[in-house]
Amino acid sequence: MLFRDARSLLSRSQSPLRSQSPLRSQSPLRSQSPLRWPTPHAGRDLLRQAWHTAPLAMIYIAILAVTSAVLAVAYALDPELHRHILVTRSTNLSGLRTRPLYVLMASAFWLESFTFLRSATAVAAVLGPLERAIGSGPALGVFAAGHVGASLIVAGGLAAGRAVQLVDDRVSDTIDVGTSYGMIACGTVLAATLPPGWRWPLTGGLAAGLTLDMAREPDFTAAGHLVAAALGLLCSRHLAHRSALVSRRRIGSKQRSTPSA
């Protein structure tokens, strides 16, 4: 009897503690999930994705960063050295007369007046989406057509103006570098790839903006921008015609491979 009474008292004294155990497991501190901090690999994943989807734009931005750093150091050491680097890589009349292939290629990788951030943003916002839309090879072709074509056409106009003494002789050694010709051509093609509801307003707005810029400050750079936009329209027509031919060939091959009933 004594053992039974002691056992019952012990069980009664422990019952409140056992009844409180579910309450402890449901405490608000234990029910909350741990905080999730951003992983340090998020930036790497973003860069890796950008590299896989638009490698041409990423390489171009990296090269512009290197050349802009070189120009910043040159300007800090000697402003005349800074100008010499830009003049010798410009698509001016002197450069096109002596080293045409070199200046046509090199002028696209050097920026004037420390405009790296603006140019890099334009490359990421225009060349990157265009590359994802039509591919790296066609995007490079559009950029090259705008940059090289506009540079040569503007140089031809300047040479003709010099011949009739309408253009000053100092344009022969002027600075003409940057990404604007090629990027405007790419922007025109990118606008042409959009649906009709967006295509014509953006294309018309781009043309109107370049025309107003030409009317406000008529110089060879503004003229080159208009020429680059026109070259971009020609490229968009060519790409549309080529894609139509490819789709027709695919439809024809499917019809030939389908057995007749």
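Atom set for the values below is all heavy atoms of this structure, side chains included, hydrogens, waters and symmetry mates excluded.
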Which value, rounded to the nearest 0.5 Å, describes the distance between [X] atom [atom1] and [Y] atom [atom2]?
| X | Y | atom1 | atom2 | value |
| --- | --- | --- | --- | --- |
| Leu231 | Ser236 | CG | OG | 11.0 Å |
| Leu96 | Ser90 | CG | OG | 9.5 Å |
| Leu140 | Leu56 | CG | CG | 5.5 Å |

Inset, instruction - Enumerate the residue pairs fulfilling ring-ring contact (aromatic ring centres under 6.0 Å, His included) with a member in residues 127-164, sequence neighbours excluded, ordered by first and then second residue. - result: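 Residue pairs with at least one partner in residues 127-164: Tyr60-Phe143.
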Inset, instruction - Hey, could you give me each pair passing ring-ring contact (aromatic ring centres under 6.0 Å, His included) that has a residue in residues 187-211? Not counting sequence neighbours. - result: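 Qualifying pairs, neighbours excluded: none.
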Single-linkage hydrophobic cluster [X]~[Y], side-chain heavy atoms < 4.5 angstrom:
| X | Y | answer |
| --- | --- | --- |
| Val142 | Leu233 | no |
| Val103 | Val177 | no |
| Met214 | Val227 | no |
| Leu234 | Val148 | no |
| Phe220 | Leu226 | no |

For [X] against [Y], the heavy-atom pair lying closest together:
| X | Y | result |
| --- | --- | --- |
| Ala215 | Pro218 | O-CD, 4.0 Å |
| Pro201 | Pro196 | CD-O, 4.1 Å |
| Leu71 | Leu111 | CD1-O, 3.2 Å |
| Leu64 | Ala108 | CD2-O, 4.0 Å |
| Ala229 | Leu210 | CB-CD1, 3.7 Å |

Result block: side-chain N/O donor-acceptor pairs under 3.5 angstrom for residues 179-194, not counting sequence neighbours:
residue	atom	partner	partner atom	Å
Ser180	OG	His225	NE2	3.1
Thr188	OG1	Ile184	O	2.8
Thr193	OG1	Leu190	O	2.6

Inset, instruction - Sort and list the pairs that fulfil salt bridge (Lys or Arg N to Asp or Glu O under 4.0 Å) and have at least one residue in residues 135-161, not counting sequence neighbours. - result: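 Those involving residues 135-161 do not exist here.
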Inset, instruction - Only pairs at least two apart or in different chains count here, so list each salt bridge (Lys or Arg N to Asp or Glu O under 4.0 Å) that has a residue in residues 142-161. - result: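 Qualifying pairs: none.
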Inset, instruction - Write out all pairs satisfying side chain to side chain donor-acceptor pair (under 3.5 Å) with one or both partners inside residues 163-174, taking only residues at least two apart or from two chains. - result: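 Of all non-adjacent pairs touching residues 163-174, those that pass side chain to side chain donor-acceptor pair (under 3.5 Å) are Ser94-Asp173, Arg162-Asp169, Arg162-Ser172, Asp168-Arg170.
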Legend entry - Qualifying side chain to side chain donor-acceptor pair (under 3.5 Å) pairs with a residue from residues 201-218, counting only residues at least two apart or across chains: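 For residues 201-218, and leaving out neighbouring residues, the side chain to side chain donor-acceptor pair (under 3.5 Å) pairs sorted by first residue read Asp213-Arg216.
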Inset, instruction - For Asp176, enumerate each residue passing the side-chain hydrogen bond (donor to acceptor under 3.5 Å, both in side chains) test, keeping only those at least two apart in sequence or located in another chain. - result: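 Applying side-chain hydrogen bond (donor to acceptor under 3.5 Å, both in side chains) to Asp176 gives Thr91.
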Inset, instruction - Output all residues satisfying side-chain contact (heavy atoms from CB on, under 4.5 Å) with Arg99, sequence neighbours left out; order by chain, then residue number. - result: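 Result, side-chain contact (heavy atoms from CB on, under 4.5 Å) vs Arg99: Thr88, Tyr102.
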Legend entry - Partner set under side-chain contact (heavy atoms from CB on, under 4.5 Å) for Ile59, not counting sequence neighbours: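 Per chain and number, Ile59 pairs via side-chain contact (heavy atoms from CB on, under 4.5 Å) with Trp51, Ile63.
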Under 3.5 Å, which donor-acceptor pairs do the side chains of residues 75-85 form with other protein atoms, sequence neighbours left out?
residue	atom	partner	partner atom	Å
Asp78	OD1	Glu80	N	3.2

Legend entry - Side-chain donor or acceptor of Thr67 paired with backbone N/O of Phe109 under 3.5 Å: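 Answer holds: yes.
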Inset, instruction - Tell me, with the steps shown, if Ile61 and Leu127 meet side chain to side chain contact (heavy atoms under 4.5 Å, CB included). - result: CA-CA 10 Å; Ile61 292 174; Leu127 183 58; over 6 Å; no
Legend entry - Arg132 side chain reached by Pro129 side chain, heavy atoms, under 4.5 Å: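 Side chain of Pro129 against side chain of Arg132, heavy atoms only: contact under 4.5 Å found.
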Side-chain donor-acceptor pairs of residues 115-126 under 3.5 Å, sequence neighbours excluded:
residue	atom	partner	partner atom	Å
Thr115	OG1	Glu112	O	3.2
Ser119	OG	Thr115	O	3.0
Thr121	OG1	Leu117	O	2.7

